[in-house]
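The structure under discussion appears below in the form of structure tokens.
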Amino acid sequence: LCKALSGPFPPRNIVYKCWILALTFFIYMSYHMNRKSLGVVKATLEGNMSDNTSTDGWAPFNGTDGTRLLGYLDTAFLLSYAIFIFACGTIADNVSLRYFLTFGMIGTGIFMTLMGMAQYFKIHSLAYFVIMQIIIGAFQATGWPAVVAVIGNWVGKGSRGLIMGIWNSHTSVGNILGGLVAGAESNSLDTWGLSFIYPAIVIGGLGFVVFFFLPTNPQAVGLPPPNQSTADEDEERLIKSLQHHSEKKKLIDDSDDEGAILRDPNAIPAISFLKALGIPGVVEFSIALFFAKLVCYTFLFCLPDYVHSIKINGTQYDSEKSADISTFYDIGGIIGSIVCGLLADRTGCNALICIIFQIISVPLLYVYYQFGTIAMSAQLGIMFVLGFFSNGPYALITTAVSADLGTSEAVRGSAQALATVSAIIDGSGSIGATLGPYITSVLTNKKSGPDKYKNVFYVLEASAFIAALCLIRVMMKEIAKLRVRRSYSEIN
């Protein structure tokens, strides 16, 4: 990793890169910490269900329609996020990323605190909770386009898959910490508000750190930009040879990212939304992420409630324990993100790796639902492996793929495409993330027991399979380029 970070520049560059990776890691970790709170406290707000009636809980969620109303909150947040992230990508390309992130983080902290204060002020208005979720979703949308743009400004393409695979574990670490922090206060109707307030303090505090200590690109501290080319000398000779001596040059696709140069973002105008949408590969990966993120965010928002609703080896667990158990999905996601990124770096085939991971996750979803209740070891083991394979493609597409496309040859001369491209891809995924929890709330409303989530798993299995299908065309182009390169190697 240190070798990948170092590049051809002096040690001072390495220090700054490590600082940027660490700081942006904690930045987006705090964003995900705040997203976990609602999923953890759902069981407490809904109360105990028995014969389609609810006892205890927090009005208005403790009625027979509690699951559906809580689903409205998930939908309000995710729909707001999906809508605003497209605008945030364009805005981030035209303003200071440091100011933009500071604004989003402190705003998230303020309104997450107001969400938690509903417990202390005895607020029981559904409209209040929905409005808070909409505002929080808008502020949360500031995070991803900005941090991907910052990372893209600092890290060259050669090892982005590995570096960003490790770096993208911030989502899983944030989910784990968010589950633990929120879960510690989630069981009581007298303290559930702290499940929102504690994560809010973390993200708000980090917002001030960003304001004072985040250089958004190397030029801001007098350093040269990183190398944005993925081609080594052999590949450059290959392309030249093909151009002069072979008809196979047609197999080299326009989406090849070799040779793009990151220029001074202050001197180059931002790319338009439509031009970014026309970059080869953006549409395919956006649609794939739609379905991949539907799966991941259904687990993010609903896994603690699912674990709470089932009996594992005859034992049903409370909200706090269920939140702790669900962290194994995120632990698997951390390792899966790293391995997926490493494989993408080694093969140069992002789509191929994503397809393999998604196809494997389809039978794993079935196995988890059917056999995860046999014993705690089966629940944790299958959940871990499922997190490994379902989170890997999601992490790769939202990080390395977004950054590569945002600095591709297709947008040479507009380095500021980074935030716009990442916003398009992640925004498309966020629409899927919105549908996942909403579909779950509809399919599980007024249901209880082991079959509560049966139909949900059918939807997740279909989504994972469709995500793989979306990338077949890109995969075929990657395989064609590999064959050409192999032929060239044999000739030499």
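We count residues from 1, following the sequence as given.
Partner of Phe299 under the ring pair (Phe, Tyr, Trp, His ring centres under 6.0 Å) criterion, out of Tyr306, Tyr329, Phe328: Tyr329 alone. Results of the side chain to side chain contact (heavy atoms under 4.5 Å, CB included) test with Thr440 over Asp305, Thr298, Val459 single out Thr298 as the only residue that passes. Evaluated for a side chain to side chain contact (heavy atoms under 4.5 Å, CB included) with Asn350, the options Asp345, Leu396, Val474, Ile397 yield exactly one hit, Leu396.
Within a 6.0 Å sphere centred on OH of Tyr128, other residues, nucleotides and ligands contribute more than 12 heavy atoms. More than 12 heavy atoms of other residues, nucleotides or ligands shown are found within 6.0 angstrom of OH on Tyr368. Applying the 6.0 Å contact sphere to CZ of Phe84 captures no more than 12 heavy atoms from other residues, nucleotides or ligands. Counted within 6.0 Å of CE on Met117, heavy atoms from surrounding residues, nucleotides or ligands total more than 12; the atom is thus considered enclosed. Heavy-atom neighbours of Phe26 CZ from other residues, nucleotides or ligands within 6.0 Å: at or below the threshold of 12.
Checked against the 6.0 Å centroid criterion, the rings of Phe291 and Phe465 do not qualify as a close aromatic pair.
Looking only at atom types and distance, the side chain of Asn175 has a donor-acceptor partner in the side chain of Asp330 under 3.5 Å away. Checked by atom type, the side-chain pair Thr142/Tyr31 shows a donor-acceptor distance below 3.5 Å. Ser441 and Tyr72 form no side-chain donor-acceptor contact under 3.5 Å, judged by distance and modelled atom types alone. Using modelled atom types and a 3.5 Å distance limit, the side chains of Tyr198 and Asn34 yield no donor-acceptor pair.
Closest non-hydrogen pair, Pro199 versus Phe196, comes out as CD-O, 3.5 Å. Minimum heavy-atom separation, Val202 to Ser30: CG1-CB, 4.2 Å. The minimum heavy-atom distance linking Met105 with Val210 is given by the pair SD-CG2, 3.7 Å. Considering every non-hydrogen atom in both Ala138 and Cys88, the closest pair reads O-SG, 4.5 Å. Between Gln358 and Ala292, the shortest heavy-atom distance links the atoms NE2-CB, 3.2 Å. Minimum heavy-atom separation, Cys354 to Pro393: O-CG, 3.8 Å.
Note on ring orientation: taking the six-membered ring where Trp is involved, the planes of Tyr394 and Tyr297 are perpendicular (angle over 60°, cut-offs 30° and 60°). Between Phe301 and Phe77, the two ring planes are tilted [angle within 30° to 60°]. Using cut-offs of 30° and 60° for the angle between ring planes, the Trp19 and Phe213 rings count as perpendicular.
A distance of 12.5 Å separates CZ in Phe388 from CD1 in Ile334, rounded to the nearest 0.5 Å. The CD1 atom of Ile338 lies 5.5 Å from the OG atom of Ser169; values are rounded to the nearest 0.5 Å. Here Ser463 contributes atom OG and Lys293 contributes atom NZ; the two are 14.5 Å apart, rounded to the nearest 0.5 Å. Interatomic distance, Phe103 CZ to Ile91 CD1, rounded to the nearest 0.5 Å: 9.0 Å. One distance of note links OH of Tyr453 with CG of Leu303; it measures 8.5 Å at 0.5 Å rounding. Atoms CD and OG, on Gln133 and Ser80 in that order, are 9.5 Å from each other to the nearest 0.5 Å.
A side-chain donor-acceptor contact under 3.5 Å links Trp154 to the backbone of Pro215. At distances below 3.5 Å, not a single donor-acceptor pair connects side-chain atoms of Gln140 with backbone N or O atoms of Thr108. Checking side-chain atoms of Thr434 against main-chain N and O of Leu78 turns up a donor-acceptor pair under 3.5 Å. Not a single donor-acceptor pair under 3.5 Å links the side chain of Ser361 to the backbone N or O of Ser390.
Between Asp74 and Arg35 there is no salt bridge, since no side-chain nitrogen of the basic residue lies less than 4.0 Å from a carboxylate oxygen of the acidic one.
The shortest side-chain heavy-atom distance between Ile335 and Phe384 falls under the 4.5 Å cut-off.
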